[in-house]
There are 2 protein chains.
Amino acid sequence: MSSPSPLQIWLIEDNTTFRRTLARVLESQDGFECTEGFARCEHALAATERGLKPDIILLDVGLPGMSGLHALPLLREKLPDTKILILTVFDDDDKIFRAICAGAAGYLLKTASPEEITAAIREVVGGGAPMNGRIARRVLEMFSQFGRPTKDYDLSEREIEILNHLTTGQLKKEIAQALGLSIHTIDSHLRKIYIKLEVNTRSEAVAKALKEKLV
Amino acid sequence: MSSPSPLQIWLIEDNTTFRRTLARVLESQDGFECTEGFARCEHALAATERGLKPDIILLDVGLPGMSGLHALPLLREKLPDTKILILTVFDDDDKIFRAICAGAAGYLLKTASPEEITAAIREVVGGGAPMNGRIARRVLEMFSQFGRPTKDYDLSEREIEILNHLTTGQLKKEIAQALGLSIHTIDSHLRKIYIKLEVNTRSEAVAKALKEKLV
DNA sequence: CGGGAAATCACGCAAACGCGTGGTTTTACA
DNA sequence: TGTAAAACCACGCGTTTGCGTGATTTCCCG
């Protein structure tokens with residue numbers, strides 16, 4: 001099933017021993033072909049200039065010269081169809097966050113066994129996003145931070161509705177028209193919103209509403 | 001290793017057949033104890049009032065009465081230490097997003113085999129966050145949307161600086177004072193910002209800046 | 001070296017805004 | 001059934017804004 005066109009894999013990893021060992025492991029897998037190994041991102045980027053396009057890249061983030069995190073968006077631009085898996089020892093939230101935002105297709109730790117790494121590659125090919133369990137947990141936790149309404153300002157439905165119109169830049173007059181109300185009513189609601197949000201200007205209210213996900 | 005205190009699992013799932021089958025499968029696992037099965041979230045919430053606290057909950061989202069997504073935050077509040085796994089047929093971005101934001105510890109699909117479900121439970125106990133591969137991919141894609149500067153409006157440094165002041169609700173006068181400039185200069189910058197962002201009001205500019213992560 | 005973009009400053013006007021202060025009607029709940 | 005909160009409406013005042021139309025200076029780059 002895989003013999004006609006083996007999966008082309010690149011390794012970007014400065015530790016030569018680890019890179020070669022991993023390359024050997026991957027090569028031994030049916031359908032895998034470890035076509036290139038680079039010690040620096042710059043070399044990999046140069047290779048893309050020569051028109052080479054792997055299916056998968058295993059990318060270390062702690063590299064001499066250009067870091068993997070810096071290279072990621074560049075690689076993604078050059079190789080939009082290539083799935084890039086992070087393979088690193090770092091598991092801090094900032095690196096995870098930046099890697100994912102930059103378009104990493106998965107995040108593995110170097111503590112992973114060869115079996116786990118090959119399984120991850122197969123998973124990413126199958127449309128998945130392999131992650132170390134702890135990393136996945138962190139991702140979900142970070143994600144859940146986005147949905148918090150933070151504080152409760154006890155805004156009424158009408159007030160939230162008007163707050164929504166504010167974020168579209170509408171004038172009091174326009175909001176009144178849109179809701180079929182008098183401009184004085186909008187003004188009245190607006191004041192209560194200001195009091196509840198503890199702001200004094202429209203833009204401050206909009207900023208607070210958006211920053212704290214009230215709308 | 002697990003005999004002293006088996007893992008207590010609740011199922012919240014309206015399909016009686018599926019729930020009972022799954023309960024039987026889980027019970028057959030070493031160290032698992034399927035203590036309760038509910039057809040409605042309301043029943044589960046009532047059970048928490050009686051002081052019951054499972055280790056794991058498998059929660060369907062498409063339920064009669066209160067939906068699983070509505071119940072999730074309530075369950076999380078009652079049972080802060082319980083890991084809640086979503087087990088559903090739905091895989092649309094909105095449901096995934098809401099479930100994760102509400103604190104789901106994992107997201108499984110009902111197409112999962114019994115083996116996959118038991119593996120997922122063991123994974124969540126081990127500090128992981130089991131997800132269906134496709135779901136995990138979606139999560140990373142959604143996540144990566146947060147880091148985008150979206151479009152490039154070609155704002156100058158000064159303009160971005162002033163845009164920042166705008167999001168704090170400052171008046172032109174105040175910004176001028178803060179930057180040691182004339183109010184006319186701020187006005188001038190403001191107009192260019194409006195032109196570049198294609199807006200006509202301050203709040204619209206603030207909204208656009210925050211929504212598109214320009215600041 | 002010269003052109004263009006960015007940054008700075010200036011004046012005036014109509015429109016919109018924030019705010020004080022008043023009111024009535026509708027809705028919700030005890 | 002009463003009462004409080006929300007929603008609705010109104011007028012006026014002083015301030016701020018958005019915009020048209022100008023100008024000068026600084027700095028980068030071809």
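Chain identifiers are assigned alphabetically (A, B, ...) following the order of the sequence lines, protein sequences preceding nucleic acid strands; residue numbering begins at 1 within each chain.
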Report summary line: Whichever of Ile183(A) and Leu171(B) has the more 5' nearest nucleotide on DNA chain D, that residue is Ile183(A)
**Report entry** Nucleotide dA7(D), atom C1' - distance to CD1 of Ile175(A) in whole Å
**Finding:** 16 Å
Query raised in the report: When the distance from CD1 of Ile193(A) to P of dC8(D) is rounded to whole Å, what number comes out?
Result: 12 Å
Requested in this report: Using only side-chain N and O atoms of His189(B), determine if any of them is under 4.0 Å from OP1 or OP2 of dA6(C).
Outcome: no
Requested in this report: Answer yes when Arg134(A) and Asp91(A) have at least one side-chain N-carboxylate O distance shorter than 4.0 Å, and no when they do not.
Outcome: yes
Query raised in the report: NA contact type, Lys172(A), heavy-atom cut-off 4.0 Å: base, sugar-phosphate, or nothing?
Result: base
Query raised in the report: Quick one: Lys173(A) NZ to dG18(D) P, roughly how many Å, whole number?
Result: 15 Å
Query - Single hit among Asp93(B), Asp94(B), Asp92(B) for salt bridge (charged side-chain N to carboxylate O under 4.0 Å, His left out) with Arg138(B) - result: Asp93(B)
Query - Nearest-nucleotide pick for Lys192(A), side chain only, options being dA6(D), dA7(C), dT16(D) - result: dA6(D)
**Report entry** Selected nucleotide, minimal atom distance to Arg191(A) side chain, candidates dA16(C), dT21(C), dC11(C)
**Finding:** dT21(C)
Query raised in the report: In this structure, which one of Lys192(A), Lys172(A), Lys173(A) forms a salt bridge (charged side-chain N to carboxylate O under 4.0 Å, His left out) with Asp187(A)?
Result: Lys172(A)
Report summary line: In whole angstroms, the gap separating P of dA16(C) from CG of Asp187(A) amounts to 14 Å
Query raised in the report: Rounded to whole angstrom units, what separation is found between the CD1 atom of Ile195(B) and the P atom of dA6(C)?
Result: 12 Å
Query - Candidates dA7(D), dT8(C), dC9(C) - which lies nearest the side chain of Ser156(A) - result: dA7(D)
Report summary line: Walking DNA chain C from its 5' end, the first of Leu181(B) and Leu190(A) to be reached, judged by nearest nucleotide, is Leu181(B)
**Report entry** Under 3.5 Å side-chain donor-acceptor pair for Tyr153(B) and Glu212(B)
**Finding:** yes
Query raised in the report: Given atom CG of Asp154(B) and atom C1' of dG4(C), what is their separation to the nearest angstrom?
Result: 14 Å
**Report entry** First of Glu159(B) and Asn200(A) reached from the 5' end of DNA chain C, by closest nucleotide
**Finding:** Glu159(B)
Report task. Send over the distance from Glu204(B) CD to dT17(D) P, rounded to a whole Å. Result -> 17 Å
Query raised in the report: Side-chain N or O of Arg202(A) less than 4.0 angstrom from OP1 or OP2 on dC17(C)?
Result: yes
Requested in this report: Check every atom of dA10(C), dA10(D), dT8(C) against the side chain of His184(A) and return the nucleotide holding the closest atom.
Outcome: dA10(D)
Query raised in the report: Does Ser182(B) place a side-chain N or O at less than 4.0 Å from the phosphate oxygens OP1/OP2 of dA10(C)?
Result: yes
Report task. When you get a sec, tell me which of dA10(C), dC9(C), dT16(D) is the closest nucleotide to the side chain of Ser188(B)? Result -> dC9(C)
Report task. Ignoring backbone atoms, establish whether Tyr194(A) has a side-chain N or O less than 4.0 Å from OP1 or OP2 of dC19(C). Result -> no
Query - Between dA7(C) (P) and Glu157(B) (CD): distance, integer Å - result: 8 Å
Query raised in the report: With no hydrogens and no angle check, do the side chains of His165(B) and Gln170(B) hold a donor and an acceptor under 3.5 Å apart?
Result: yes
Report task. Could you give me the CA-CA distance, side-chain angles and deciding distance for Asp60(A) and Lys110(A), then say whether salt bridge (Lys or Arg N to Asp or Glu O under 4.0 Å) is met? Result -> CA-CA 9 Å; Asp60(A) 190 7; Lys110(A) 284 194 177 173; 3.1 Å; yes
